[in-house]
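So the structure is just underneath, and the comments pick up after that.
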Protein chains: 2
Amino acid sequence: MSEKPNDRIDAIQLAVSRHAARLILDQGFAATSGGQIAKAAGISERTLWRYFRNKESCLAPLFARSWQRFAEDLRQWPRSVSLEEHLADCFDLKNQSAEQIADSVLIVRLIAAFPDEPDLRSTWLMSYHDGEASLMAIIGDRLDRSHNDFDVRLCAAAVMAAVRTIDETVSLAAVRHRQTFTTAEVVTRMSRAIRAVSNLPFCDAVQPNPFGDT
Amino acid sequence: MSEKPNDRIDAIQLAVSRHAARLILDQGFAATSGGQIAKAAGISERTLWRYFRNKESCLAPLFARSWQRFAEDLRQWPRSVSLEEHLADCFDLKNQSAEQIADSVLIVRLIAAFPDEPDLRSTWLMSYHDGEASLMAIIGDRLDRSHNDFDVRLCAAAVMAAVRTIDETVSLAAVRHRQTFTTAEVVTRMSRAIRAVSNLPFCDAVQPNPFGDT
DNA sequence: ATGATGATGGCAGTTAATGTCAGAAAAGCC
DNA sequence: GGCTTTTCTGACATTAACTGCCATCATCAT
(Lines give C-alpha, C1' and ligand atoms only; values in the text may rest on other atoms or scores of the structure.)
Protein backbone atom coordinates (compact mmCIF):
# COMPACT_ATOMS: atom_id res chain seq x y z
CA MET A 1 0.00 0.00 0.00
CA SER A 2 2.76 2.46 0.91
CA GLU A 3 4.73 4.03 -1.92
CA LYS A 4 7.59 1.71 -2.83
CA PRO A 5 10.56 3.32 -4.56
CA ASN A 6 9.71 1.89 -7.94
CA ASP A 7 6.02 2.62 -7.80
CA ARG A 8 6.73 6.30 -8.28
CA ILE A 9 8.95 5.73 -11.28
CA ASP A 10 6.39 3.36 -12.80
CA ALA A 11 3.73 5.99 -12.40
CA ILE A 12 5.89 8.54 -14.19
CA GLN A 13 6.58 6.17 -17.05
CA LEU A 14 2.88 5.49 -17.37
CA ALA A 15 2.16 9.21 -17.48
CA VAL A 16 4.83 9.71 -20.13
CA SER A 17 3.32 6.82 -22.04
CA ARG A 18 -0.08 8.50 -22.11
CA HIS A 19 1.44 11.72 -23.41
CA ALA A 20 3.34 9.79 -26.05
CA ALA A 21 0.18 8.01 -27.14
CA ARG A 22 -1.73 11.24 -27.56
CA LEU A 23 1.06 12.88 -29.54
CA ILE A 24 1.55 9.88 -31.78
CA LEU A 25 -2.17 9.61 -32.35
CA ASP A 26 -2.23 13.24 -33.47
CA GLN A 27 0.93 13.46 -35.50
CA GLY A 28 1.89 9.93 -36.42
CA PHE A 29 4.78 7.93 -35.10
CA ALA A 30 7.66 9.17 -37.23
CA ALA A 31 6.58 12.78 -36.93
CA THR A 32 6.69 12.65 -33.14
CA SER A 33 10.13 13.21 -31.67
CA GLY A 34 11.53 12.15 -28.35
CA GLY A 35 11.95 15.79 -27.44
CA GLN A 36 8.24 16.45 -27.93
CA ILE A 37 7.24 13.54 -25.76
CA ALA A 38 9.64 14.59 -23.05
CA LYS A 39 8.41 18.17 -23.12
CA ALA A 40 4.76 17.14 -23.03
CA ALA A 41 5.48 14.93 -20.05
CA GLY A 42 7.51 17.60 -18.29
CA ILE A 43 10.78 15.71 -18.11
CA SER A 44 14.07 16.22 -19.88
CA GLU A 45 14.84 14.28 -23.00
CA ARG A 46 17.79 12.71 -21.25
CA THR A 47 15.46 11.27 -18.64
CA LEU A 48 13.10 10.03 -21.29
CA TRP A 49 15.84 7.91 -22.82
CA ARG A 50 16.74 6.64 -19.39
CA TYR A 51 13.17 5.43 -18.96
CA PHE A 52 12.70 4.00 -22.42
CA ARG A 53 15.18 2.15 -24.58
CA ASN A 54 13.64 3.55 -27.75
CA LYS A 55 10.72 5.51 -29.09
CA GLU A 56 8.46 2.52 -29.65
CA SER A 57 8.66 1.40 -26.08
CA CYS A 58 7.34 4.73 -24.88
CA LEU A 59 3.94 3.17 -25.50
CA ALA A 60 4.63 -0.05 -23.67
CA PRO A 61 3.60 1.05 -20.16
CA LEU A 62 0.17 2.04 -21.44
CA PHE A 63 -0.39 -1.36 -22.99
CA ALA A 64 1.15 -3.13 -20.03
CA ARG A 65 -1.00 -1.31 -17.52
CA SER A 66 -4.14 -2.26 -19.38
CA TRP A 67 -3.24 -5.93 -19.34
CA GLN A 68 -2.07 -5.66 -15.77
CA ARG A 69 -5.49 -4.54 -14.62
CA PHE A 70 -7.08 -7.39 -16.51
CA ALA A 71 -4.61 -9.84 -14.99
CA GLU A 72 -5.40 -8.53 -11.50
CA ASP A 73 -9.06 -9.10 -12.17
CA LEU A 74 -8.34 -12.62 -13.35
CA ARG A 75 -6.37 -13.36 -10.21
CA GLN A 76 -9.52 -12.59 -8.24
CA TRP A 77 -11.49 -15.11 -10.28
CA PRO A 78 -13.21 -17.46 -7.81
CA ARG A 79 -12.87 -21.12 -8.61
CA SER A 80 -16.59 -21.62 -8.45
CA VAL A 81 -17.33 -19.05 -11.12
CA SER A 82 -17.35 -19.53 -14.88
CA LEU A 83 -15.42 -17.40 -17.32
CA GLU A 84 -18.54 -15.70 -18.62
CA GLU A 85 -19.73 -14.66 -15.21
CA HIS A 86 -16.36 -13.38 -14.21
CA LEU A 87 -15.71 -11.46 -17.41
CA ALA A 88 -19.10 -9.82 -17.11
CA ASP A 89 -17.90 -8.58 -13.76
CA CYS A 90 -14.52 -7.42 -15.03
CA PHE A 91 -15.87 -5.58 -18.02
CA ASP A 92 -18.78 -3.99 -16.24
CA LEU A 93 -18.28 -0.28 -16.73
CA LYS A 94 -19.45 0.28 -13.16
CA ASN A 95 -16.32 -1.51 -11.99
CA GLN A 96 -13.96 0.55 -14.09
CA SER A 97 -12.31 3.79 -13.13
CA ALA A 98 -12.45 6.79 -15.43
CA GLU A 99 -8.71 6.50 -15.91
CA GLN A 100 -9.10 2.89 -16.96
CA ILE A 101 -11.70 3.79 -19.56
CA ALA A 102 -9.66 6.69 -20.88
CA ASP A 103 -6.68 4.38 -21.30
CA SER A 104 -8.76 1.84 -23.19
CA VAL A 105 -10.06 4.51 -25.54
CA LEU A 106 -6.53 5.71 -26.18
CA ILE A 107 -5.32 2.20 -26.95
CA VAL A 108 -8.25 1.35 -29.17
CA ARG A 109 -7.84 4.50 -31.22
CA LEU A 110 -4.13 3.97 -31.46
CA ILE A 111 -4.18 0.46 -32.84
CA ALA A 112 -7.08 1.23 -35.12
CA ALA A 113 -5.33 4.31 -36.47
CA PHE A 114 -2.01 2.66 -37.30
CA PRO A 115 -2.60 -0.99 -38.11
CA ASP A 116 0.43 -0.96 -40.40
CA GLU A 117 2.95 1.05 -38.43
CA PRO A 118 5.56 -1.64 -37.74
CA ASP A 119 7.01 -0.02 -34.63
CA LEU A 120 3.60 0.27 -33.12
CA ARG A 121 2.61 -3.27 -33.98
CA SER A 122 5.78 -4.69 -32.57
CA THR A 123 5.31 -3.11 -29.14
CA TRP A 124 1.70 -4.14 -29.31
CA LEU A 125 2.66 -7.76 -29.92
CA MET A 126 5.43 -7.59 -27.38
CA SER A 127 3.09 -6.45 -24.65
CA TYR A 128 0.81 -9.43 -25.18
CA HIS A 129 3.80 -11.69 -25.19
CA ASP A 130 5.00 -10.22 -21.91
CA GLY A 131 1.60 -10.89 -20.46
CA GLU A 132 1.85 -14.59 -21.13
CA ALA A 133 3.90 -15.18 -18.01
CA SER A 134 1.24 -13.82 -15.68
CA LEU A 135 -1.46 -15.66 -17.56
CA MET A 136 0.49 -18.88 -17.12
CA ALA A 137 0.48 -18.23 -13.39
CA ILE A 138 -3.25 -17.58 -13.36
CA ILE A 139 -4.12 -20.70 -15.33
CA GLY A 140 -1.61 -22.80 -13.44
CA ASP A 141 -3.02 -21.72 -10.10
CA ARG A 142 -6.60 -22.31 -11.14
CA LEU A 143 -5.83 -25.86 -12.24
CA ASP A 144 -3.25 -26.74 -9.59
CA ARG A 145 -0.57 -27.22 -12.19
CA SER A 146 2.95 -25.98 -12.51
CA HIS A 147 3.22 -22.60 -14.17
CA ASN A 148 5.85 -24.00 -16.49
CA ASP A 149 3.92 -27.07 -17.56
CA PHE A 150 3.92 -27.18 -21.33
CA ASP A 151 0.15 -27.36 -21.62
CA VAL A 152 -0.21 -24.36 -19.36
CA ARG A 153 2.30 -22.47 -21.47
CA LEU A 154 0.47 -23.43 -24.64
CA CYS A 155 -2.86 -22.47 -23.16
CA ALA A 156 -1.58 -19.07 -22.12
CA ALA A 157 -0.13 -18.39 -25.56
CA ALA A 158 -3.34 -19.41 -27.29
CA VAL A 159 -5.56 -17.44 -24.95
CA MET A 160 -3.37 -14.39 -25.39
CA ALA A 161 -3.70 -14.75 -29.14
CA ALA A 162 -7.46 -14.94 -28.73
CA VAL A 163 -7.61 -11.87 -26.52
CA ARG A 164 -5.44 -9.95 -28.95
CA THR A 165 -7.58 -11.00 -31.88
CA ILE A 166 -10.71 -9.83 -30.11
CA ASP A 167 -9.10 -6.57 -29.11
CA GLU A 168 -7.99 -5.90 -32.65
CA THR A 169 -11.24 -6.78 -34.36
CA VAL A 170 -13.36 -4.92 -31.84
CA SER A 171 -11.13 -1.86 -32.01
CA LEU A 172 -11.15 -1.81 -35.76
CA ALA A 173 -14.88 -2.29 -36.01
CA ALA A 174 -15.47 0.41 -33.43
CA VAL A 175 -13.21 3.03 -34.94
CA ARG A 176 -13.50 2.25 -38.62
CA HIS A 177 -17.16 1.40 -38.93
CA ARG A 178 -18.39 3.34 -35.93
CA GLN A 179 -19.79 0.06 -34.63
CA THR A 180 -20.62 0.08 -30.95
CA PHE A 181 -20.57 -2.89 -28.64
CA THR A 182 -22.42 -3.47 -25.42
CA THR A 183 -20.50 -4.88 -22.51
CA ALA A 184 -22.49 -8.09 -22.84
CA GLU A 185 -21.47 -8.48 -26.47
CA VAL A 186 -17.81 -8.05 -25.72
CA VAL A 187 -18.06 -10.53 -22.86
CA THR A 188 -19.75 -13.05 -25.12
CA ARG A 189 -17.23 -12.69 -27.93
CA MET A 190 -14.27 -12.73 -25.64
CA SER A 191 -15.31 -15.78 -23.70
CA ARG A 192 -16.29 -17.71 -26.82
CA ALA A 193 -12.91 -16.97 -28.32
CA ILE A 194 -11.04 -17.93 -25.18
CA ARG A 195 -12.99 -21.14 -24.78
CA ALA A 196 -12.52 -22.00 -28.43
CA VAL A 197 -8.74 -22.03 -28.21
CA SER A 198 -8.32 -23.40 -24.67
CA ASN A 199 -6.74 -26.81 -24.39
CA LEU A 200 -7.27 -26.83 -20.62
CA PRO A 201 -10.59 -26.66 -18.76
CA PHE A 202 -9.89 -23.50 -16.80
CA CYS A 203 -12.92 -21.65 -18.12
CA ASP A 204 -15.50 -23.43 -16.02
CA ALA A 205 -15.86 -23.74 -12.29
CA VAL A 206 -13.16 -26.00 -10.93
CA GLN A 207 -12.78 -28.00 -7.72
CA PRO A 208 -11.91 -25.88 -4.74
CA ASN A 209 -8.24 -26.04 -3.94
CA PRO A 210 -7.75 -28.97 -1.52
CA PHE A 211 -5.02 -27.01 0.24
CA GLY A 212 -7.27 -24.05 0.80
CA ASP A 213 -4.80 -21.41 -0.26
CA THR A 214 -5.98 -18.79 -2.73
CA MET B 1 10.45 -20.05 -62.89
CA SER B 2 11.98 -17.05 -64.67
CA GLU B 3 13.51 -14.35 -62.52
CA LYS B 4 10.90 -11.76 -61.68
CA PRO B 5 12.22 -8.30 -60.83
CA ASN B 6 11.55 -8.65 -57.12
CA ASP B 7 12.74 -12.20 -56.78
CA ARG B 8 16.31 -11.03 -57.20
CA ILE B 9 16.00 -8.35 -54.57
CA ASP B 10 14.29 -10.79 -52.20
CA ALA B 11 17.15 -13.21 -52.68
CA ILE B 12 19.67 -10.51 -51.83
CA GLN B 13 17.77 -9.54 -48.72
CA LEU B 14 17.65 -13.16 -47.66
CA ALA B 15 21.39 -13.50 -48.16
CA VAL B 16 22.01 -10.35 -46.15
CA SER B 17 19.73 -11.73 -43.49
CA ARG B 18 21.82 -14.88 -43.17
CA HIS B 19 24.99 -12.85 -42.82
CA ALA B 20 23.35 -10.68 -40.21
CA ALA B 21 22.21 -13.73 -38.28
CA ARG B 22 25.68 -15.22 -38.19
CA LEU B 23 27.29 -11.97 -37.10
CA ILE B 24 24.70 -11.33 -34.41
CA LEU B 25 25.01 -14.89 -33.17
CA ASP B 26 28.75 -14.41 -32.82
CA GLN B 27 28.97 -10.92 -31.44
CA GLY B 28 25.57 -10.13 -29.98
CA PHE B 29 23.01 -7.72 -31.34
CA ALA B 30 24.25 -4.38 -30.06
CA ALA B 31 27.86 -5.18 -30.90
CA THR B 32 27.01 -5.80 -34.54
CA SER B 33 26.85 -2.65 -36.64
CA GLY B 34 25.04 -2.01 -39.87
CA GLY B 35 28.35 -1.44 -41.56
CA GLN B 36 29.57 -4.90 -40.60
CA ILE B 37 26.47 -6.56 -41.93
CA ALA B 38 26.69 -4.61 -45.16
CA LYS B 39 30.35 -5.47 -45.60
CA ALA B 40 29.81 -9.15 -44.88
CA ALA B 41 27.01 -9.20 -47.44
CA GLY B 42 29.02 -7.27 -50.00
CA ILE B 43 26.73 -4.28 -50.31
CA SER B 44 27.12 -0.67 -49.25
CA GLU B 45 25.70 0.46 -45.96
CA ARG B 46 23.41 2.86 -47.79
CA THR B 47 21.88 -0.04 -49.66
CA LEU B 48 21.47 -1.99 -46.46
CA TRP B 49 19.30 0.75 -45.00
CA ARG B 50 17.33 0.85 -48.19
CA TYR B 51 16.57 -2.82 -47.82
CA PHE B 52 15.88 -2.78 -44.10
CA ARG B 53 14.15 -0.12 -42.08
CA ASN B 54 16.31 -0.87 -39.06
CA LYS B 55 18.82 -3.31 -37.65
CA GLU B 56 16.28 -5.67 -36.13
CA SER B 57 14.52 -6.23 -39.38
CA CYS B 58 17.71 -7.47 -40.99
CA LEU B 59 16.72 -10.81 -39.51
CA ALA B 60 13.15 -10.76 -40.74
CA PRO B 61 13.72 -12.36 -44.17
CA LEU B 62 15.35 -15.37 -42.57
CA PHE B 63 12.38 -15.92 -40.28
CA ALA B 64 9.93 -15.14 -43.04
CA ARG B 65 11.52 -17.56 -45.48
CA SER B 66 11.31 -20.36 -42.97
CA TRP B 67 7.62 -19.82 -42.43
CA GLN B 68 7.09 -19.33 -46.14
CA ARG B 69 8.41 -22.79 -46.87
CA PHE B 70 6.16 -24.24 -44.20
CA ALA B 71 3.20 -22.34 -45.62
CA GLU B 72 3.94 -23.65 -49.10
CA ASP B 73 3.96 -27.16 -47.72
CA LEU B 74 0.63 -26.53 -46.02
CA ARG B 75 -0.88 -25.28 -49.24
CA GLN B 76 -0.09 -28.68 -50.75
CA TRP B 77 -1.94 -30.41 -47.95
CA PRO B 78 -4.47 -32.78 -49.57
CA ARG B 79 -7.94 -32.62 -48.12
CA SER B 80 -8.01 -36.34 -47.54
CA VAL B 81 -4.93 -36.34 -45.35
CA SER B 82 -4.75 -35.67 -41.62
CA LEU B 83 -2.47 -33.12 -40.01
CA GLU B 84 -0.19 -35.76 -38.55
CA GLU B 85 0.37 -37.49 -41.85
CA HIS B 86 1.04 -34.27 -43.65
CA LEU B 87 3.37 -32.86 -41.04
CA ALA B 88 5.34 -36.08 -41.09
CA ASP B 89 5.82 -35.45 -44.76
CA CYS B 90 6.76 -31.80 -44.35
CA PHE B 91 9.26 -32.38 -41.57
CA ASP B 92 10.86 -35.43 -43.12
CA LEU B 93 14.49 -34.51 -43.47
CA LYS B 94 14.56 -36.28 -46.82
CA ASN B 95 12.21 -33.62 -48.16
CA GLN B 96 14.31 -30.72 -46.92
CA SER B 97 17.08 -29.00 -48.80
CA ALA B 98 20.45 -28.44 -47.17
CA GLU B 99 19.79 -24.71 -47.28
CA GLN B 100 16.52 -25.21 -45.48
CA ILE B 101 18.18 -27.17 -42.71
CA ALA B 102 21.00 -24.67 -42.37
CA ASP B 103 18.46 -21.88 -42.00
CA SER B 104 16.58 -23.78 -39.34
CA VAL B 105 19.76 -24.37 -37.38
CA LEU B 106 20.61 -20.69 -37.58
CA ILE B 107 17.18 -19.68 -36.35
CA VAL B 108 17.10 -22.18 -33.53
CA ARG B 109 20.49 -21.12 -32.26
CA LEU B 110 19.56 -17.48 -32.54
CA ILE B 111 16.38 -17.58 -30.52
CA ALA B 112 17.90 -19.92 -27.96
CA ALA B 113 20.94 -17.67 -27.59
CA PHE B 114 19.07 -14.42 -27.01
CA PRO B 115 15.72 -15.15 -25.42
CA ASP B 116 15.77 -11.76 -23.71
CA GLU B 117 17.09 -9.49 -26.43
CA PRO B 118 14.01 -7.31 -26.99
CA ASP B 119 14.85 -6.34 -30.58
CA LEU B 120 15.28 -9.94 -31.52
CA ARG B 121 12.10 -11.05 -29.81
CA SER B 122 10.07 -8.35 -31.44
CA THR B 123 11.07 -9.32 -34.98
CA TRP B 124 10.53 -12.92 -33.99
CA LEU B 125 6.98 -12.17 -32.86
CA MET B 126 6.36 -9.95 -35.83
CA SER B 127 7.27 -12.66 -38.28
CA TYR B 128 4.74 -15.04 -36.79
CA HIS B 129 2.17 -12.31 -36.86
CA ASP B 130 2.89 -11.64 -40.51
CA GLY B 131 2.40 -15.32 -41.20
CA GLU B 132 -1.14 -15.25 -39.87
CA ALA B 133 -2.51 -13.91 -43.13
CA SER B 134 -1.26 -16.83 -45.17
CA LEU B 135 -2.42 -19.26 -42.53
CA MET B 136 -5.86 -17.73 -42.67
CA ALA B 137 -5.88 -18.41 -46.38
CA ILE B 138 -4.80 -22.00 -45.89
CA ILE B 139 -7.39 -22.73 -43.23
CA GLY B 140 -10.09 -20.84 -45.07
CA ASP B 141 -9.46 -22.76 -48.28
CA ARG B 142 -9.42 -26.10 -46.53
CA LEU B 143 -12.78 -25.45 -44.90
CA ASP B 144 -14.41 -23.51 -47.74
CA ARG B 145 -14.76 -20.44 -45.61
CA SER B 146 -13.92 -16.84 -46.16
CA HIS B 147 -10.35 -15.94 -45.26
CA ASN B 148 -11.63 -13.06 -43.21
CA ASP B 149 -14.19 -14.98 -41.25
CA PHE B 150 -13.65 -14.28 -37.59
CA ASP B 151 -13.33 -17.93 -36.62
CA VAL B 152 -10.73 -18.44 -39.32
CA ARG B 153 -8.82 -15.44 -38.09
CA LEU B 154 -8.98 -16.68 -34.53
CA CYS B 155 -7.91 -20.14 -35.56
CA ALA B 156 -4.91 -18.80 -37.44
CA ALA B 157 -3.84 -16.66 -34.51
CA ALA B 158 -4.13 -19.56 -32.07
CA VAL B 159 -2.35 -22.00 -34.34
CA MET B 160 0.44 -19.52 -34.90
CA ALA B 161 0.78 -19.14 -31.14
CA ALA B 162 0.99 -22.91 -30.84
CA VAL B 163 3.62 -23.22 -33.55
CA ARG B 164 5.65 -20.48 -31.96
CA THR B 165 5.41 -22.09 -28.55
CA ILE B 166 6.61 -25.39 -29.96
CA ASP B 167 9.42 -23.71 -31.84
CA GLU B 168 10.57 -21.89 -28.75
CA THR B 169 10.42 -24.82 -26.37
CA VAL B 170 12.04 -27.22 -28.80
CA SER B 171 14.79 -24.73 -29.64
CA LEU B 172 15.50 -24.03 -26.04
CA ALA B 173 15.55 -27.68 -25.05
CA ALA B 174 17.78 -28.51 -27.97
CA VAL B 175 20.35 -25.80 -27.44
CA ARG B 176 20.27 -25.44 -23.67
CA HIS B 177 19.93 -29.04 -22.58
CA ARG B 178 21.44 -30.65 -25.65
CA GLN B 179 18.18 -32.54 -26.00
CA THR B 180 17.65 -34.07 -29.41
CA PHE B 181 14.33 -34.70 -31.05
CA THR B 182 13.41 -37.19 -33.73
CA THR B 183 11.28 -36.00 -36.59
CA ALA B 184 8.45 -38.13 -35.28
CA GLU B 185 8.60 -36.48 -31.89
CA VAL B 186 8.43 -33.02 -33.33
CA VAL B 187 5.53 -34.03 -35.55
CA THR B 188 3.68 -35.46 -32.57
CA ARG B 189 4.23 -32.43 -30.37
CA MET B 190 3.43 -29.97 -33.09
CA SER B 191 0.22 -31.63 -34.17
CA ARG B 192 -0.98 -32.14 -30.60
CA ALA B 193 -0.40 -28.49 -29.90
CA ILE B 194 -2.13 -27.37 -33.06
CA ARG B 195 -5.09 -29.63 -32.46
CA ALA B 196 -5.34 -28.53 -28.86
CA VAL B 197 -5.88 -24.89 -29.74
CA SER B 198 -7.89 -25.26 -32.94
CA ASN B 199 -11.44 -24.08 -32.85
CA LEU B 200 -12.08 -25.32 -36.38
CA PRO B 201 -11.84 -28.91 -37.63
CA PHE B 202 -9.18 -28.33 -40.26
CA CYS B 203 -6.76 -30.90 -38.83
CA ASP B 204 -8.57 -33.98 -40.07
CA ALA B 205 -9.49 -35.08 -43.54
CA VAL B 206 -12.26 -32.89 -44.88
CA GLN B 207 -14.82 -33.30 -47.64
CA PRO B 208 -13.38 -32.84 -51.10
CA ASN B 209 -14.14 -29.43 -52.48
CA PRO B 210 -17.50 -29.68 -54.30
CA PHE B 211 -16.28 -27.19 -56.87
CA GLY B 212 -13.22 -29.23 -57.60
CA ASP B 213 -10.76 -26.36 -57.55
CA THR B 214 -7.64 -26.80 -55.45
C1' DA C 1 23.48 19.59 9.81
C1' DT C 2 26.05 16.14 7.01
C1' DG C 3 27.32 12.81 4.22
C1' DA C 4 25.81 8.94 1.29
C1' DT C 5 22.83 7.40 -2.27
C1' DG C 6 20.21 7.83 -6.17
C1' DA C 7 17.44 10.51 -9.60
C1' DT C 8 17.68 14.33 -12.89
C1' DG C 9 19.19 17.69 -16.45
C1' DG C 10 22.56 19.71 -19.64
C1' DC C 11 25.70 18.95 -23.17
C1' DA C 12 28.82 16.58 -26.02
C1' DG C 13 29.48 12.48 -28.58
C1' DT C 14 28.17 8.18 -31.10
C1' DT C 15 25.60 5.59 -34.24
C1' DA C 16 21.48 4.26 -36.64
C1' DA C 17 18.92 5.94 -40.42
C1' DT C 18 17.50 9.40 -44.35
C1' DG C 19 17.97 12.98 -48.32
C1' DT C 20 20.30 13.97 -52.22
C1' DC C 21 22.49 13.30 -56.32
C1' DA C 22 25.43 11.30 -59.74
C1' DG C 23 26.96 7.12 -61.93
C1' DA C 24 25.96 2.04 -63.04
C1' DA C 25 23.03 -1.49 -64.37
C1' DA C 26 19.03 -3.24 -66.19
C1' DA C 27 14.53 -3.03 -68.86
C1' DG C 28 11.97 -1.45 -72.69
C1' DC C 29 11.97 0.10 -77.58
C1' DC C 30 13.46 0.24 -82.38
C1' DG D 1 23.23 -4.38 -82.18
C1' DG D 2 22.13 0.73 -80.53
C1' DC D 3 19.19 4.11 -77.84
C1' DT D 4 16.14 5.98 -74.15
C1' DT D 5 14.08 5.44 -69.80
C1' DT D 6 13.87 3.76 -65.48
C1' DT D 7 15.38 1.52 -61.62
C1' DC D 8 19.20 0.38 -58.54
C1' DT D 9 23.41 1.47 -56.18
C1' DG D 10 27.05 4.01 -53.72
C1' DA D 11 29.32 8.26 -51.75
C1' DC D 12 28.64 12.04 -48.93
C1' DA D 13 26.23 15.12 -45.97
C1' DT D 14 22.68 15.45 -42.57
C1' DT D 15 19.17 14.38 -39.17
C1' DA D 16 17.48 12.21 -35.18
C1' DA D 17 17.64 8.50 -31.89
C1' DC D 18 20.28 7.26 -28.19
C1' DT D 19 24.54 7.09 -24.67
C1' DG D 20 28.46 8.86 -21.60
C1' DC D 21 29.80 11.98 -18.52
C1' DC D 22 29.47 15.00 -14.90
C1' DA D 23 27.48 18.54 -12.02
C1' DT D 24 23.35 19.32 -9.34
C1' DC D 25 19.42 18.38 -6.62
C1' DA D 26 16.36 15.66 -3.64
C1' DT D 27 15.86 12.10 -0.14
C1' DC D 28 17.00 9.90 3.89
C1' DA D 29 19.68 7.78 7.66
C1' DT D 30 22.76 9.05 11.05
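Just so it is clear: chains get the letters A, B, ... in the order the sequence lines come, proteins before strands, and each one is counted from 1.
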Under 3.5 Å, side-chain donor or acceptor atoms of residues 171-180 of chain A against the rest of the protein: list the pairs with distances, not counting sequence neighbours.
{"residue": "A:Ser171", "atom": "OG", "partner": "A:Asp167", "partner atom": "O", "Å": "2.6"}
{"residue": "A:Arg176", "atom": "NH1", "partner": "A:Ala112", "partner atom": "O", "Å": "2.9"}
{"residue": "A:Arg178", "atom": "NH1", "partner": "A:Val175", "partner atom": "O", "Å": "3.0"}

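Overall, the helix from C:dA1-D:dT30 to C:dC30-D:dG1 carries an axis bend of 30° between its ends, with five pairs at each end and the value rounded to 10°.
Within residues 46-65 of chain B, the residues approaching DNA chain D are B:Arg46, B:Thr47, B:Arg50, B:Tyr51, by heavy-atom distance under 4.0 Å. Looking at residues 26-45 of chain A, you'll see A:Ile43, A:Ser44 sit with a heavy atom under 4.0 Å from some atom of DNA chain C.
Residue pairs meeting the ring-ring contact (aromatic ring centres under 6.0 Å, His included) criterion with at least one partner in residues 106-128 of chain B, sequence neighbours excluded, are B:Phe63-B:Trp124, B:Trp124-B:Tyr128. Annotation: ring-ring contact (aromatic ring centres under 6.0 Å, His included) contacts involving residues 90-109 of chain A, sequence neighbours excluded, comprise A:Phe70-A:Phe91. Sequence neighbours left out, the pairs with a member in residues 41-55 of chain A that pass salt bridge (charged side-chain N to carboxylate O under 4.0 Å, His left out) are A:Arg53-B:Asp119.
Take B:His129 and apply the side-chain contact (heavy atoms from CB on, under 4.5 Å) test, not counting sequence neighbours, and it matches A:Arg121, A:Leu125, A:Arg164, A:Glu168, B:Glu132. By the side-chain contact (heavy atoms from CB on, under 4.5 Å) test, B:Trp77 is found to be paired with B:Leu74, B:Val81, B:Leu83, B:His86, B:Arg142, B:Phe202, residues two or more places apart in sequence or in another chain being considered. Residues meeting the side-chain hydrogen bond (donor to acceptor under 3.5 Å, both in side chains) test with A:Arg195, sequence neighbours left out: A:Glu84, A:Asp204. For B:Arg153, the side-chain contact (heavy atoms from CB on, under 4.5 Å) partners are A:Thr165, A:Thr169, B:Met136, B:Asn148, not counting sequence neighbours. The side-chain contact (heavy atoms from CB on, under 4.5 Å) check on A:Arg145 picks up A:Leu143, A:Asp149, A:Asp151, A:Val152, A:Leu200, with sequence neighbours excluded.
Between A:Ile12 atom CD1 and C:dT8 atom C1' there is a gap of 10 Å when expressed in whole angstrom units.
The main-chain N or O of B:Ser57 is found under 3.5 Å from a side-chain atom of B:Asn54 such that the two form a donor-acceptor pair.
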